[in-house]
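Here the structure comes first, spelled out in structure tokens, and everything after it is commentary.
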2 protein chains.
Amino acid sequence: MITKNQIKYINSLQQKKFRTEHQSFIVEGAKSVLELLKSDFELELLFVTQDFFDNYEEILSKLPLQVEIVNQQELEKAGSYSSNNAALAVAKTKENHELLVGENEYALILDDIRDPGNLGTIIRVGDWYGIHKIICSHSTVDFYNPKVIAATMGSFTRTNLYYTDLEVFIKNQSTPIYGTLLNGNNIHQTKFAKSGYIIIGNEANGISEGVEKLVTDKITIPSFGGAESLNAGIATAVVLDNLRR
Amino acid sequence: MITKNQIKYINSLQQKKFRTEHQSFIVEGAKSVLELLKSDFELELLFVTQDFFDNYEEILSKLPLQVEIVNQQELEKAGSYSSNNAALAVAKTKENHELLVGENEYALILDDIRDPGNLGTIIRVGDWYGIHKIICSHSTVDFYNPKVIAATMGSFTRTNLYYTDLEVFIKNQSTPIYGTLLNGNNIHQTKFAKSGYIIIGNEANGISEGVEKLVTDKITIPSFGGAESLNAGIATAVVLDNLRR
């Protein structure tokens with residue numbers, strides 16, 4: 001069973017303040033927990049249903065920690081999912097290490113992405129297109145927010161995030177800095193450099209003024225209809241698809 | 001003010017059963033209501049705050065119906081938004097007319113899209129790429145669901161949806177039927193025909209077996225990383241961006 005104190009502790013990790021204090025975060029659901037077990041994240045607690053245990057006994061029996069068998073109600077009481085009949089883990093967060101692109105590599109820069117679902121989708125889309133480094137403004141939503149982790153569909157295990165002052169970070173780079181703006185070059189005609197950064201702006205306000213001044217290559221997704229904008233996750237996917245073709 | 005009976009009526013329109021019975025649906029928020037007022041939808045009721053009225057008096061004074069000034073609390077009580085300081089309208093739904101592509105035209109076919117946010121995003125993305133006809137399986141979520149309308153960000157006014165039996169519909173077409181499948185041709189190398197249909201499958205299960213058999217051109221979005229899939233809205237955007245380039 002999950003003890004009262006454990007439930008209180010796990011509940012507290014839904015708040016950034018306590019994630020920072022304990023350097024721990026929650027991972028819920030079959031897909032995300034299975035990806036976690038394959039990753040290099042350090043596990044702290046693991047609760048699974050009997051069904052999940054039976055299905056993945058080979059993986060679970062090799063883990064260096066005690067796996068607790070619990071019921072669905074306990075998982076739902078401890079975690080943030082309204083329905084969870086599989087698993088809940090607590091893992092240690094990683095330190096905020098600087099990330100830089102290597103040769104032949106791209107990274108994303110997120111300027112004030114506020115919605116956890118959007119950040120999760122961007123991480124998942126980045127993973128699809130082979131982008132595993134994301135530099136975030138301090139105002140971007142926390143990577144370890146349970147809604148972000150859920151929306152990545154497991155891609156959080158393959159992607160590193162670095163929270164920093166974007167203007168300072170960008171000024172120190174020598175590769176092209178691409179930014180999606182309204183008045184940029186059509187991405188269908190853009191020849192991307194071998195390495196660089198792609199900035200994705202805030203959902204409502206786009207790229208902030210200070211960061212926009214540092215964009216070396218303005219790009220635009222051409223529109224063929226009446227919609228005024230695309231959401232941040234969609235824009236990321238379209239830009240990365242053009243980068244990779 | 002919004003009367004008790006009106007609140008009851010508007011609340012009921014959150015359910016498909018009552019939308020069908022009354023042939024009416026709700027539109028909420030500044031952006032969506034403004035787009036509605038510019039469209040050919042027939043208005044039934046319109047409630048706005050004093051601020052919204054003052055900002056858009058020129059448009060509102062020309063309407064062929066009584067505009068009621070109400071407060072934010074009333075809008076939130078009547079509608080589905082937890083926060084709405086602008087406007088709420090009730091409009092008449094359109095009949096379920098057959099849609100077919102013309103020359104040099106594409107339409108989307110949605111096979112069992114269940115999530116309202118996904119359908120709304122697909123409509124918005126379609127509108128961005130100039131797609132204004134969408135054919136839906138009967139199991140696809142209702143166009144007039146308030147969450148769908150909200151997620152379209154106004155694009156619902158420029159897009160027509162037709163709910164039908166997909167297998168019967170597709171069998172009657174002579175243009176290519178593109179379907180996003182795991183084993184298709186790389187969309188980066190696909191030469192799209194001048195007109196046709198693009199099928200987007202269910203969020204979890206993809207395109208259903210019966211419909212898959214009718215796909216004439218299998219296409220695949222190439223992956224460069226670890227994510228197993230892309231969501232339906234993202235996949236739609238990437239396919240349409242490749243179609244339009």
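These numbers come from a predicted model, not from an experiment. Every chain is numbered from 1, with letters handed out A, B, ... down the list of sequences.
Salt bridge status for B:Lys92 with B:Glu44: present, with a side-chain N to carboxylate O gap under 4.0 Å. Checked for salt-bridge contact, A:Lys133 and A:Glu105 meet the test: a charged N lies under 4.0 Å from a carboxylate O.
Chain A forms the most heavy-atom pairs under 4.5 Å with one residue out of B:Lys31, B:Glu35, B:Met153, and that residue is B:Lys31. Here B:Gly226 is the residue among B:Gly226, B:Gly154, B:Gly130 with the most heavy-atom pairs under 4.5 Å with chain A. With respect to chain B, the highest number of heavy-atom pairs below 4.5 Å among A:Leu240, A:Ile221, A:Leu230 belongs to A:Leu230. Contact count versus chain B (heavy atoms, under 4.5 Å) is highest, among A:Gly126, A:Ser155, A:Pro222, for A:Pro222. Contact tally against chain B (heavy-atom pairs below 4.5 Å) for A:Ile123, A:Asn231, A:Thr152, A:Thr159: the top residue is A:Asn231.
Residue A:Asn186 does not touch chain B at all, counting heavy-atom pairs closer than 4.5 Å. With a threshold of 4.5 angstrom between heavy atoms, A:Arg245 approaches chain B through its backbone and through its side chain. Looking at A:Glu228, both its backbone and its side chain come within 4.5 Å of chain B, counting heavy atoms on both sides. The parts of B:Arg244 that come within reach of chain A are both its backbone and its side chain, each placing non-hydrogen atoms under 4.5 angstrom from that chain. Of the atoms belonging to A:Thr121, it is side-chain heavy atoms, and not backbone ones, that fall under 4.5 Å from chain B.
The six-membered or imidazole ring of A:Phe41 lies near that of A:Phe25, with a centre-to-centre distance under 6.0 Å. In summary, the aromatic rings of A:Tyr197 and A:Phe169 are positioned with their centroids under 6.0 Å apart.
Between atom CD of residue A:Glu28 and atom OG of residue A:Ser80 there is a gap of 3.5 Å, rounded to the nearest 0.5 Å.
Under the 30°/60° scheme for interplanar angles, the aromatic rings of B:Tyr178 and B:Tyr106 are found to be tilted.
Considering B:Leu75, B:Leu88, B:Asn55, B:Asn84 in turn, B:Leu75 is the only one that fulfils the side chain to side chain contact (heavy atoms under 4.5 Å, CB included) rule with B:Thr49.
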